[in-house]
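All remarks here apply to the structure that follows.
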Amino acid sequence: MSSRGSSASSRPDAARAGFLMAVASMCTVQLGSALTVPLFDRLGALGTGGLRVGWAGVLLLVLVRPRRRDFTRGDLLACTVLGAVTAGMMLLFMLALAHLPLGTASALEFLGPLTVSLYGPGRERKAWTAAAALGVVLLTEPWHGGLDLLGAGYALAAAACWAAYILLTQRVGDSVTGLKGLALSMPVAGVVALAIAAPVLTARVSWPTLWIMLGLAALSPVLPFALEFLALRRLTTSAFGTLMSLEPAIAVLIGLLVLGQTPDPAPAAGIAFVVIAGIGATRTGARSAPTPSHAEPAPSDVLEPAPSDVPEPAPSDAPSDMPELAPRPSDPERKVSITHRGNAERK
């Protein structure tokens with residue numbers, strides 16, 4: 001079998017693997033959130049979120065072990081800001097879960113990445129914006145007046161942090177290879193989250209809850225981040241973003257199975273509209289890959305030099321003043337733009 005045939009046959013397998021990884025990532029995120037809710041009585045929403053993010057920072061720092069020479073000053077600043085935004089996103093979502101069902105909170109938070117995807121001109125984007133707006137109205141049911149405004153405010157604030165998270169991860173992902181940027185930003189998030197949650201934790205934390213939160217941090221966000229990173233290497237940005245748009249629906253299913261939260265017809269329809277808007281916005285607004293600064297010309301663009309009568313200089317053993325070009329990074333080291341908790345079109 002030729003190498004071309006082997007490569008073509010491996011593409012469907014890679015796509016299937018990427019699909020399974022993306023779905024597993026969404027399920028673990030929502031399962032981790034659902035399993036966290038019962039701990040609110042022990043630690044409070046802030047304490048639970050703070051311990052979860054703190055353990056996630058420790059795990060990623062130990063597993064990835066980023067080195068100082070891997071980052072420029074600009075990278076360090078971007079990772080620090082990204083860490084603070086990550087802490088806000090996760091703590092605010094925990095606070096929202098203390099007031100809202102998992103599916104409703106997840107759908108409202110999803111408005112953050114959806115807004116990033118919808119930004120720009122075009123009639124199609126306006127249509128998806130209208131679908132998302134209709135979904136929010138159905139979710140909140142303002143005609144009933146029974147919406148927990150504090151919970152909705154927390155969820156929308158988490159959505160704003162998620163939008164900022166996407167823009168910052170694009171910046172970090174374009175300049176830092178692999179999971180190193182995440183392994184630096186997540187410890188920063190842990191420090192910020194624990195500092196905010198410290199007043200609550202000092203009176204409530206115990207050794208059993210510490211170990212429980214370690215397991216939950218491994219389940220989410222560490223495992224989903226790793227799965228998303230691997231999925232991004234096997235799927236296009238548009239395909240990945242389309243899959244991630246299904247997350248509010250998965251949140252409803254997990255909320256039903258784990259927490260016994262059954263949505264009313266109107267909120268269920270609202271979640272469906274948000275999912276549809278997310279899929280549409282992703283398919284019409286995929287981000288193009290970053291252009292390398294020293295791209296090699298395509299073979300068709302290389303012109304053969306015209307013959308010259310000037311003889312070529314003889315080779316010399318003298319050292320050259322021209323610096324030697326560094327080799328291009330191999331394929332496994334390509335820079336991947338991580339959005340959502342990983343993808344511009346996804347926590």
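Here, residue 1 is the first one in the sequence, and each next residue gets the next number.
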Q | Shared hydrophobic cluster for Val192 and Val81 (ILVMFWY, side-chain gaps under 4.5 Å) | A | no

Q.
Can you see whether Arg52 engages Ser220 through a side-chain donor-acceptor pair at a distance of less than 3.5 angstrom?
A. yes

Q. Is there a path from Ile279 to Leu114 through hydrophobic residues (I, L, V, M, F, W, Y) whose side chains come within less than 4.5 Å of each other?
A. yes

Q) Is a side-chain N or O of Ser106 found less than 3.5 angstrom from the main chain of Leu102, in a donor-acceptor match? A) no

Q: Identify the heavy atoms of Leu216 and Gly32 that sit nearest to each other, and give their distance.
A: CD2-O, 4.3 Å

Q) Do Ser245 side-chain atoms and Gly278 backbone N/O form a donor-acceptor pair below 3.5 Å? A) yes

**Q.** Check: Pro267 main-chain N/O paired with Asp264 side-chain donor or acceptor under 3.5 Å
**A.** no

Q: Would you check, one step at a time, whether the test side chain to side chain contact (heavy atoms under 4.5 Å, CB included) holds for Phe40 with Leu97?
A: CA-CA 9 Å; Phe40 287 175; Leu97 285 182; 4.0 Å; yes

Q: Locate the shortest heavy-atom distance separating Leu91 from Ala193; write the atom from each residue and the value.
A: CD1-CA, 3.9 Å

Q: Report the C-alpha distance between Cys79 and Val188 in whole Å, list the side-chain angles of each, state the deciding distance to 0.1 Å, and finish with yes or no for side chain to side chain contact (heavy atoms under 4.5 Å, CB included).
A: CA-CA 8 Å; Cys79 287; Val188 174; over 6 Å; no

Q: Identify the two heavy atoms, one from Val176 and one from Gly181, that lie closest to each other, and give their separation to 0.1 Å.
A: CG1-N, 3.5 Å

Q: May I ask you to decide if the ring planes of Trp162 and Phe110 are parallel, tilted or perpendicular, using 30° and 60° as cut-offs?
A: perpendicular

Q) Honestly curious: do Leu46 and Val53 fall in one hydrophobic cluster under the side-chain, below-4.5 Å linking rule? A) no

Q. Does the side chain to side chain contact (heavy atoms under 4.5 Å, CB included) test come out yes or no for Leu82 and Arg171, once each step is laid out?
A. CA-CA 10 Å; Leu82 175 59; Arg171 159 68 176 84; over 6 Å; no

Q. Quick one: are Leu184 and Leu76 in side-chain contact, heavy atoms under 4.5 Å?
A. yes

Q: Would you confirm whether Thr48, through its side chain, and Ala45, through its main-chain N or O, come within 3.5 Å as a donor-acceptor pair?
A: no

**Q.** Validation row: Val64, Leu182 side chains within 4.5 angstrom (heavy atoms)
**A.** no

Q: Specify the closest pair of heavy atoms between Phe240 and Ala231, including all atoms of both residues, with the distance to one decimal.
A: CE1-CB, 3.9 Å

(Q) Is there a path of hydrophobic side-chain contacts, each under 4.5 Å between heavy atoms, that joins Leu39 and Phe93? (A) yes

Q: Any chance you could measure Gln30, atom CD, to Leu35, atom CG, to the nearest 0.5 Å?
A: 11.5 Å

Q) Is the shortest heavy-atom distance from the side chain of Arg234 to the side chain of Met21 under 4.5 Å? A) yes

Q. For Pro224, does its backbone N or O pair with a side-chain atom of Ser25 as donor and acceptor, under 3.5 Å?
A. yes

Q: Answer yes if Val172 and Val116 sit in the same cluster of Ile, Leu, Val, Met, Phe, Trp and Tyr residues linked by side chain heavy atoms under 4.5 Å apart, and no otherwise.
A: yes

Q: Hey, could you give me the CG/CD1 distance between Leu138 and Ile271, rounded to the nearest 0.5 Å?
A: 10.5 Å

Q: Could you tell me the separation between the CG atom of Leu243 and the CZ atom of Phe19, rounded to the nearest 0.5 Å?
A: 6.0 Å

Q: Locate the shortest heavy-atom distance separating Pro248 from Val275; write the atom from each residue and the value.
A: CB-CG2, 4.1 Å

Q.
Give me the atom names and distance for the closest heavy-atom approach of Ala34 to Ile254.
A. CB-CG2, 3.7 Å

Q. Measuring from Thr104:OG1 to Gln261:CD, what's the distance to the nearest 0.5 Å?
A. 8.0 Å

Q. Is a donor on one side and an acceptor on the other found under 3.5 Å between the side chain of Trp55 and the backbone of Leu210?
A. yes

Q. Hey, what do you get for CE (Met26) to CG (Leu31), rounding to the nearest 0.5 Å?
A. 13.5 Å

Q: Could you go through the side chain to side chain contact (heavy atoms under 4.5 Å, CB included) check for Phe71 and Lys180 one step at a time?
A: CA-CA 9 Å; Phe71 304 89; Lys180 296 172 184 175; 3.9 Å; yes

Q. Does the side chain of Arg73 reach to within under 4.5 Å of the side chain of Leu77, using non-hydrogen atoms?
A. no

(Q) Does any part of the side chain of Leu139, heavy atoms only, come nearer than 4.5 Å to the side chain of Leu147, both counted from C-beta? (A) no

Q. If you round to the nearest 0.5 Å, how far is CZ of Phe225 from CG of Leu59?
A. 12.5 Å

Q: Indicate yes or no: at least one non-hydrogen side-chain atom of Met186 is less than 4.5 angstrom from one of Thr86.
A: yes

Q | Thr209 versus Ser206, side-chain donor and acceptor atoms under 3.5 Å | A | yes

(Q) I'd like to check Val205 versus Met213 (side-chain heavy atoms, cut-off strictly below 4.5 Å). Are they in contact? (A) no

(Q) My understanding is that only residues two or more places apart in sequence, or in another chain, count here; which of them pass side chain to side chain contact (heavy atoms under 4.5 Å, CB included) with Thr202? (A) none

Q. Does any non-hydrogen side-chain atom of Leu149 lie less than 4.5 Å from one of His99?
A. no

